[in-house]
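Here the structure comes first, spelled out in C-alpha coordinates, and everything after it is commentary.
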Protein chains: 2
Amino acid sequence: MEASSENVRSQMRKGVLEYCILSILNHKEAYASNILDELKKANMLVVEGTLYPLLIRQKNQGLLTYRWEESTQGPPRKYYMITDQGREQLAEMDAAWQELVQCIETLRK
Amino acid sequence: MEASSENVRSQMRKGVLEYCILSILNHKEAYASNILDELKKANMLVVEGTLYPLLIRQKNQGLLTYRWEESTQGPPRKYYMITDQGREQLAEMDAAWQELVQCIETLRK
DNA sequence: TTTTAATACCTTGCAATACAAAGTAGTAAA
DNA sequence: TTTACTACTTTGTATTGCAAGGTATTAAAA
(Lines give C-alpha, C1' and ligand atoms only; values in the text may rest on other atoms or scores of the structure.)
Protein backbone atom coordinates (compact mmCIF):
# COMPACT_ATOMS: atom_id res chain seq x y z
CA MET A 1 0.00 0.00 0.00
CA GLU A 2 1.34 3.39 -0.91
CA ALA A 3 2.41 5.90 1.72
CA SER A 4 -0.34 8.48 1.21
CA SER A 5 -2.99 5.80 1.49
CA GLU A 6 -1.54 4.58 4.76
CA ASN A 7 -1.54 8.16 6.00
CA VAL A 8 -5.23 8.50 5.19
CA ARG A 9 -5.95 5.42 7.24
CA SER A 10 -3.72 6.53 10.08
CA GLN A 11 -5.54 9.86 10.30
CA MET A 12 -8.93 8.19 10.28
CA ARG A 13 -7.87 5.91 13.11
CA LYS A 14 -7.38 8.94 15.30
CA GLY A 15 -10.06 9.10 17.91
CA VAL A 16 -11.44 5.62 17.37
CA LEU A 17 -8.56 3.71 18.89
CA GLU A 18 -9.77 4.38 22.42
CA TYR A 19 -13.12 3.07 21.33
CA CYS A 20 -11.48 -0.08 19.98
CA ILE A 21 -9.55 -0.70 23.19
CA LEU A 22 -12.64 -0.39 25.36
CA SER A 23 -14.54 -2.66 22.98
CA ILE A 24 -11.89 -5.34 23.23
CA LEU A 25 -11.59 -5.12 26.99
CA ASN A 26 -15.35 -5.21 27.33
CA HIS A 27 -15.21 -8.88 26.32
CA LYS A 28 -12.30 -10.03 28.41
CA GLU A 29 -9.22 -8.79 30.21
CA ALA A 30 -6.06 -8.70 28.14
CA TYR A 31 -2.48 -7.52 28.09
CA ALA A 32 -0.91 -5.41 25.40
CA SER A 33 0.06 -8.23 23.03
CA ASN A 34 -3.45 -9.70 23.21
CA ILE A 35 -4.90 -6.34 22.33
CA LEU A 36 -2.51 -5.85 19.44
CA ASP A 37 -3.50 -9.30 18.15
CA GLU A 38 -7.21 -8.48 18.37
CA LEU A 39 -6.67 -5.22 16.52
CA LYS A 40 -4.65 -7.02 13.88
CA LYS A 41 -7.42 -9.59 13.44
CA ALA A 42 -9.86 -6.74 12.90
CA ASN A 43 -7.47 -5.31 10.31
CA MET A 44 -6.64 -2.32 12.48
CA LEU A 45 -2.89 -2.00 12.56
CA VAL A 46 -1.45 -0.31 15.63
CA VAL A 47 2.06 -0.27 17.05
CA GLU A 48 3.30 -0.63 20.61
CA GLY A 49 4.34 2.99 20.88
CA THR A 50 0.72 3.97 20.26
CA LEU A 51 -0.95 1.38 22.46
CA TYR A 52 1.01 1.63 25.68
CA PRO A 53 0.53 5.36 26.25
CA LEU A 54 -3.13 4.94 25.35
CA LEU A 55 -3.65 2.22 27.97
CA ILE A 56 -1.93 4.38 30.56
CA ARG A 57 -4.14 7.34 29.64
CA GLN A 58 -7.30 5.30 29.93
CA LYS A 59 -6.15 3.84 33.25
CA ASN A 60 -5.46 7.34 34.57
CA GLN A 61 -8.94 8.39 33.47
CA GLY A 62 -10.43 5.56 35.50
CA LEU A 63 -11.69 3.69 32.44
CA LEU A 64 -9.39 0.73 33.02
CA THR A 65 -7.61 -1.03 35.85
CA TYR A 66 -4.93 -3.70 35.67
CA ARG A 67 -3.28 -6.47 37.61
CA TRP A 68 0.14 -8.03 37.20
CA GLU A 69 0.39 -11.68 36.28
CA GLU A 70 3.50 -13.84 36.11
CA SER A 71 4.32 -15.45 32.79
CA THR A 72 6.28 -18.61 32.05
CA GLN A 73 7.38 -17.03 28.77
CA GLY A 74 9.13 -13.91 29.98
CA PRO A 75 8.55 -10.87 32.16
CA PRO A 76 5.25 -10.38 34.02
CA ARG A 77 2.28 -9.06 32.10
CA LYS A 78 -0.06 -6.21 32.86
CA TYR A 79 -3.60 -7.46 32.35
CA TYR A 80 -6.05 -4.65 31.77
CA MET A 81 -9.75 -4.76 32.69
CA ILE A 82 -12.54 -2.33 31.90
CA THR A 83 -14.19 -0.50 34.83
CA ASP A 84 -17.81 0.56 35.32
CA GLN A 85 -16.76 4.03 34.29
CA GLY A 86 -15.10 2.53 31.23
CA ARG A 87 -18.36 0.83 30.32
CA GLU A 88 -20.18 4.14 30.60
CA GLN A 89 -17.60 5.70 28.32
CA LEU A 90 -17.98 2.82 25.90
CA ALA A 91 -21.71 3.47 25.69
CA GLU A 92 -20.96 7.11 25.03
CA MET A 93 -18.58 6.14 22.28
CA ASP A 94 -21.09 3.78 20.72
CA ALA A 95 -23.46 6.71 20.41
CA ALA A 96 -20.77 9.02 19.07
CA TRP A 97 -19.69 6.43 16.52
CA GLN A 98 -23.23 5.84 15.29
CA GLU A 99 -23.68 9.57 14.89
CA LEU A 100 -20.45 9.86 12.95
CA VAL A 101 -21.42 7.01 10.64
CA GLN A 102 -24.73 8.77 10.07
CA CYS A 103 -22.97 12.06 9.32
CA ILE A 104 -20.75 10.49 6.70
CA GLU A 105 -23.67 8.65 5.18
CA THR A 106 -25.54 11.93 4.82
CA LEU A 107 -22.58 13.64 3.21
CA ARG A 108 -21.84 10.70 0.89
CA LYS A 109 -25.47 10.42 -0.31
CA MET B 1 -24.34 17.86 26.12
CA GLU B 2 -21.67 17.39 28.76
CA ALA B 3 -18.06 18.32 28.12
CA SER B 4 -16.55 14.82 28.11
CA SER B 5 -19.09 13.65 25.58
CA GLU B 6 -18.29 16.53 23.28
CA ASN B 7 -14.63 15.65 23.60
CA VAL B 8 -15.32 12.08 22.53
CA ARG B 9 -17.07 13.37 19.44
CA SER B 10 -14.37 15.92 18.71
CA GLN B 11 -11.69 13.23 18.83
CA MET B 12 -13.65 10.94 16.53
CA ARG B 13 -14.07 13.72 14.01
CA LYS B 14 -10.31 13.86 13.62
CA GLY B 15 -9.26 12.45 10.33
CA VAL B 16 -12.69 12.38 8.74
CA LEU B 17 -13.08 16.10 8.24
CA GLU B 18 -10.92 16.08 5.12
CA TYR B 19 -13.12 13.31 3.84
CA CYS B 20 -16.22 15.41 4.53
CA ILE B 21 -14.84 18.44 2.71
CA LEU B 22 -13.97 16.44 -0.39
CA SER B 23 -17.40 14.81 -0.29
CA ILE B 24 -19.14 18.16 -0.19
CA LEU B 25 -17.01 19.68 -2.93
CA ASN B 26 -17.50 16.61 -5.08
CA HIS B 27 -21.11 17.71 -5.58
CA LYS B 28 -20.59 21.38 -6.23
CA GLU B 29 -18.15 24.19 -5.69
CA ALA B 30 -18.60 26.14 -2.47
CA TYR B 31 -17.06 28.77 -0.27
CA ALA B 32 -16.37 28.39 3.42
CA SER B 33 -19.81 29.38 4.70
CA ASN B 34 -21.52 26.98 2.30
CA ILE B 35 -19.32 24.19 3.54
CA LEU B 36 -19.99 25.03 7.18
CA ASP B 37 -23.72 24.98 6.42
CA GLU B 38 -23.49 21.58 4.75
CA LEU B 39 -21.54 20.19 7.69
CA LYS B 40 -24.09 21.63 10.08
CA LYS B 41 -26.93 20.03 8.13
CA ALA B 42 -25.15 16.70 8.43
CA ASN B 43 -24.85 17.29 12.19
CA MET B 44 -21.09 17.67 12.01
CA LEU B 45 -20.18 20.79 13.90
CA VAL B 46 -17.00 22.52 12.78
CA VAL B 47 -15.74 26.03 13.37
CA GLU B 48 -14.06 28.52 11.06
CA GLY B 49 -10.68 28.18 12.72
CA THR B 50 -10.72 24.50 11.78
CA LEU B 51 -12.07 24.82 8.28
CA TYR B 52 -9.90 27.56 6.79
CA PRO B 53 -6.52 25.96 7.50
CA LEU B 54 -7.91 22.65 6.26
CA LEU B 55 -9.00 24.14 2.94
CA ILE B 56 -5.59 25.74 2.53
CA ARG B 57 -3.89 22.43 3.29
CA GLN B 58 -5.98 20.56 0.76
CA LYS B 59 -5.39 23.26 -1.84
CA ASN B 60 -1.63 23.03 -1.24
CA GLN B 61 -1.85 19.28 -1.68
CA GLY B 62 -3.47 19.77 -5.06
CA LEU B 63 -6.79 18.28 -3.98
CA LEU B 64 -8.65 21.56 -4.41
CA THR B 65 -8.47 24.74 -6.43
CA TYR B 66 -10.38 27.96 -5.98
CA ARG B 67 -11.52 31.09 -7.76
CA TRP B 68 -12.55 34.45 -6.37
CA GLU B 69 -16.06 35.67 -6.90
CA GLU B 70 -17.54 39.06 -6.10
CA SER B 71 -20.46 39.14 -3.71
CA THR B 72 -23.27 41.65 -3.37
CA GLN B 73 -23.40 40.88 0.32
CA GLY B 74 -19.89 41.77 1.40
CA PRO B 75 -16.28 40.91 0.58
CA PRO B 76 -15.40 38.56 -2.28
CA ARG B 77 -15.68 34.84 -1.72
CA LYS B 78 -13.21 32.06 -2.37
CA TYR B 79 -15.08 29.30 -4.17
CA TYR B 80 -13.34 25.95 -3.85
CA MET B 81 -13.55 23.15 -6.40
CA ILE B 82 -12.30 19.58 -6.21
CA THR B 83 -9.55 18.55 -8.65
CA ASP B 84 -8.98 15.22 -10.40
CA GLN B 85 -6.37 14.48 -7.77
CA GLY B 86 -8.94 15.36 -5.13
CA ARG B 87 -11.36 12.87 -6.64
CA GLU B 88 -8.68 10.19 -6.52
CA GLN B 89 -8.09 11.00 -2.88
CA LEU B 90 -11.83 10.88 -2.25
CA ALA B 91 -11.98 7.37 -3.69
CA GLU B 92 -9.08 6.42 -1.44
CA MET B 93 -10.92 7.84 1.54
CA ASP B 94 -14.11 6.02 0.65
CA ALA B 95 -12.16 2.79 0.80
CA ALA B 96 -10.44 3.72 4.04
CA TRP B 97 -13.74 4.69 5.62
CA GLN B 98 -15.43 1.47 4.60
CA GLU B 99 -12.54 -0.49 6.07
CA LEU B 100 -12.74 1.47 9.29
CA VAL B 101 -16.48 0.86 9.59
CA GLN B 102 -15.80 -2.83 9.02
CA CYS B 103 -13.08 -2.83 11.69
CA ILE B 104 -15.35 -1.31 14.27
CA GLU B 105 -18.15 -3.69 13.34
CA THR B 106 -15.82 -6.62 13.87
CA LEU B 107 -14.66 -5.34 17.24
CA ARG B 108 -18.19 -4.48 18.40
CA LYS B 109 -19.59 -7.92 17.46
C1' DT C 1 -19.32 61.82 6.71
C1' DT C 2 -18.51 58.72 10.25
C1' DT C 3 -19.85 54.77 12.66
C1' DT C 4 -21.73 50.27 13.06
C1' DA C 5 -23.01 45.70 11.55
C1' DA C 6 -22.51 41.90 8.69
C1' DT C 7 -19.75 39.04 5.98
C1' DA C 8 -15.51 36.66 4.78
C1' DC C 9 -10.92 35.21 5.13
C1' DC C 10 -6.72 34.34 7.96
C1' DT C 11 -3.41 33.58 11.94
C1' DT C 12 -1.65 32.28 16.48
C1' DG C 13 -1.12 29.40 20.34
C1' DC C 14 -2.51 25.27 22.63
C1' DA C 15 -3.83 20.46 23.65
C1' DA C 16 -4.46 15.83 22.10
C1' DT C 17 -3.11 12.02 19.30
C1' DA C 18 -0.35 8.44 16.50
C1' DC C 19 3.96 6.91 15.46
C1' DA C 20 8.97 5.91 14.85
C1' DA C 21 12.69 4.88 17.40
C1' DA C 22 15.18 3.85 21.21
C1' DG C 23 15.45 2.30 26.00
C1' DT C 24 14.75 -0.82 30.26
C1' DA C 25 14.13 -5.20 32.26
C1' DG C 26 12.78 -10.11 33.19
C1' DT C 27 13.26 -15.12 31.63
C1' DA C 28 15.16 -18.94 29.34
C1' DA C 29 17.97 -21.21 26.10
C1' DA C 30 22.50 -21.57 23.74
C1' DT D 1 27.67 -15.42 30.26
C1' DT D 2 25.92 -14.26 26.25
C1' DT D 3 21.99 -14.17 23.24
C1' DA D 4 17.16 -14.19 22.07
C1' DC D 5 12.61 -13.37 23.19
C1' DT D 6 9.06 -11.09 25.51
C1' DA D 7 7.01 -7.11 27.72
C1' DC D 8 6.61 -2.59 29.28
C1' DT D 9 8.08 2.46 28.85
C1' DT D 10 9.80 6.90 27.20
C1' DT D 11 11.19 10.58 23.97
C1' DG D 12 10.72 13.46 20.11
C1' DT D 13 8.04 14.73 16.05
C1' DA D 14 4.19 15.73 12.94
C1' DT D 15 -0.58 16.37 12.43
C1' DT D 16 -4.97 17.82 13.72
C1' DG D 17 -9.01 20.50 15.82
C1' DC D 18 -10.17 24.38 18.29
C1' DA D 19 -10.58 28.82 20.91
C1' DA D 20 -9.60 33.31 20.36
C1' DG D 21 -8.42 37.16 18.07
C1' DG D 22 -7.21 39.79 13.79
C1' DT D 23 -7.76 41.98 8.95
C1' DA D 24 -10.55 43.63 5.25
C1' DT D 25 -14.73 44.68 2.33
C1' DT D 26 -19.44 46.29 1.84
C1' DA D 27 -23.68 48.48 3.05
C1' DA D 28 -26.74 50.53 6.14
C1' DA D 29 -27.46 53.57 10.12
C1' DA D 30 -26.42 57.60 12.81
Side-chain angles (χ1 to χ4, degrees), chain A residues 1 3-4 6-22 29-37 39-40 44-61 63-64 66-80 93 96 100 103, chain B residues 1 3-4 6-22 29-37 39-40 44-61 63-64 66-80 93 96 100 103:
Chain A
M1 193 178 293
S4 83
E6 185 43 46
N7 189 48
V8 164
R9 282 163 175 75
S10 169
Q11 287 308 320
M12 278 193 180
R13 278 198 288 270
K14 284 197 182 187
V16 301
L17 263 182
E18 298 200 6
Y19 182 35
C20 293
I21 305 308
L22 291 182
E29 61 176 30
Y31 76 108
S33 288
N34 293 150
I35 296 174
L36 287 174
D37 285 347
L39 290 171
K40 202 171 184 178
M44 173 87 94
L45 294 184
V46 179
V47 296
E48 280 191 324
T50 299
L51 182 60
Y52 280 104
L54 197 156
L55 289 171
I56 291 167
R57 278 204 305 274
Q58 292 190 313
K59 190 262 295 173
N60 290 339
Q61 287 169 18
L63 308 179
L64 306 177
Y66 67 82
R67 62 180 176 76
W68 285 102
E69 186 168 308
E70 296 297 317
S71 164
T72 57
Q73 304 275 322
R77 298 168 177 173
K78 233 176 179 175
Y79 277 83
Y80 282 92
M93 285 176 158
L100 188 60
C103 284
Chain B
M1 193 178 292
S4 82
E6 186 42 46
N7 190 48
V8 164
R9 282 164 176 74
S10 170
Q11 287 309 319
M12 278 194 180
R13 278 197 288 269
K14 284 198 180 188
V16 302
L17 263 182
E18 297 200 7
Y19 181 36
C20 294
I21 305 308
L22 292 183
E29 61 176 31
Y31 75 107
S33 288
N34 293 151
I35 296 173
L36 286 173
D37 286 347
L39 290 171
K40 201 170 184 180
M44 173 88 94
L45 293 186
V46 179
V47 295
E48 281 193 325
T50 299
L51 183 61
Y52 280 104
L54 198 156
L55 289 171
I56 292 167
R57 278 204 304 276
Q58 292 191 313
K59 190 263 295 173
N60 290 340
Q61 286 169 18
L63 309 178
L64 306 178
Y66 67 82
R67 62 179 176 77
W68 285 101
E69 186 169 308
E70 297 298 318
S71 164
T72 58
Q73 304 275 322
R77 299 166 177 173
K78 232 178 181 175
Y79 277 83
Y80 282 93
M93 285 178 157
L100 188 61
C103 283

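Hydrogens, waters and symmetry mates play no part in the numbers below; they use all other heavy atoms, side chains included. Convention: sequence-line order gives letters A, B, ...; per-chain numbering from 1.
- Nearest to the side chain of B:R13, among D:dC18, C:dG26, C:dT17, sits D:dC18.
- Here C:dA18 is the nucleotide among C:dT17, D:dT26, C:dA18 with the atom lying nearest to any side-chain atom of A:L17.
- One atom, CG of B:L54, and another, P of D:dG17, lie 6 Å apart when rounded to the nearest Å.
- In the set C:dC9, D:dT25, C:dC10, C:dC10 carries the atom at the smallest distance from any side-chain atom of B:Y80.
- B:Q11 comes within contact range of the sugar-phosphate backbone alone, with a heavy-atom separation under 4.0 Å but no base atom that close.
- For A:S33, taking side-chain heavy atoms from C-beta onward, the closest of the listed nucleotides C:dC9, D:dA7, C:dC19 is D:dA7.
- Looking at heavy-atom distances under 4.0 Å, A:E69 makes no contact with the nucleic acid at all.
- If you check every strand for non-hydrogen atoms under 4.0 Å, B:S71 touches nothing.
- A:T50 comes within 4.0 angstrom of a nucleotide base, judged by non-hydrogen atoms across all strands.
- For the pair B:Y19 OH and D:dT16 P, the interatomic distance rounds to 17 Å; values are reported in whole Å.
- Under the 4.5 Å side-chain criterion, counting only non-hydrogen atoms from C-beta, B:N34 is not in contact with B:R77.
- Residues A:I35 and A:L55 have side chains in contact (heavy-atom distance under 4.5 Å, counting atoms from C-beta outward).
- Protein atom CE of A:M12 is 12 Å distant from nucleotide atom P of D:dT16, rounded to whole Å.
- Here the side chains of A:W68 and A:K78 are in contact, with some heavy-atom distance below 4.5 Å.
- Comparing atom distances between the A:W68 side chain and each of D:dC18, C:dC9, D:dC8 picks out D:dC8 as nearest.
- A donor and an acceptor atom never sit less than 3.5 Å apart when one is taken from the side chain of B:K14 and the other from the base of C:dT17.
- One can place CZ of A:R9 at 18 Å from C1' of D:dT15, the figure rounded to the nearest angstrom.
- Across A:V46, A:L63, A:L39, a single residue satisfies side chain to side chain contact (heavy atoms under 4.5 Å, CB included) together with A:I21, and that is A:L39.
- When side chains are defined from C-beta on, A:V47 does not count as touching A:L36, because their heavy atoms never get closer than 4.5 Å.
- Atom CG of B:L36 and atom C1' of C:dC10 are 14 Å apart (whole Å).
- Distances shorter than 4.0 Å separate some side-chain N or O of A:R57 from OP1 or OP2 on C:dT17.
- Mapping B:E70 and A:Q73 onto DNA chain D via the closest heavy atom, the residue that lands nearer the 5' end is A:Q73.
- Each of C:dG26, C:dC9, D:dC8 was ranked by its minimum atom distance to the side chain of B:K78; first place goes to C:dC9.
- Atom pair A:Y79:OH and D:dT6:P shows a separation of 14 Å (rounding to whole Å applied).
- Among the heavy atoms of the strands lying under 4.0 Å from A:P76 are primed sugar atoms or P, OP1, OP2 only; no base atom is included.
- Taking only side-chain atoms of B:A32, from C-beta outward, the nucleotide of C:dC9, C:dT7, D:dA7 with the closest atom is C:dC9.
- Residue A:Y52 places no side-chain N or O under 4.0 Å from the OP1 or OP2 atom of D:dT9.
- Two residues are said to be in side-chain contact when any heavy atoms from C-beta on lie closer than 4.5 Å; B:Y79 and B:Y31 meet this criterion.
- One can place CD of A:Q61 at 14 Å from C1' of C:dA15, the figure rounded to the nearest angstrom.
- On a pure distance criterion of 3.5 Å, no polar donor-acceptor pair joins the side chain of A:E48 and the base of C:dC19.
- Of the candidate nucleotides C:dA18, D:dA7, C:dC10, C:dC10 has the atom nearest to the side chain of B:I56.
- A 4.5 Å side-chain heavy-atom check between A:Q11 and B:E18 finds every atom pair outside the cut-off.
- Comparing C:dA20, D:dT10, C:dC9 by their nearest atom to the side chain of A:V47 picks out C:dA20.
- Here D:dC8 presents its P atom at 12 Å from CZ of A:R67, a figure rounded to the nearest Å.
- Of all nucleotides listed (D:dC8, C:dT17, C:dT7), D:dC8 comes nearest to the side chain of A:R77.
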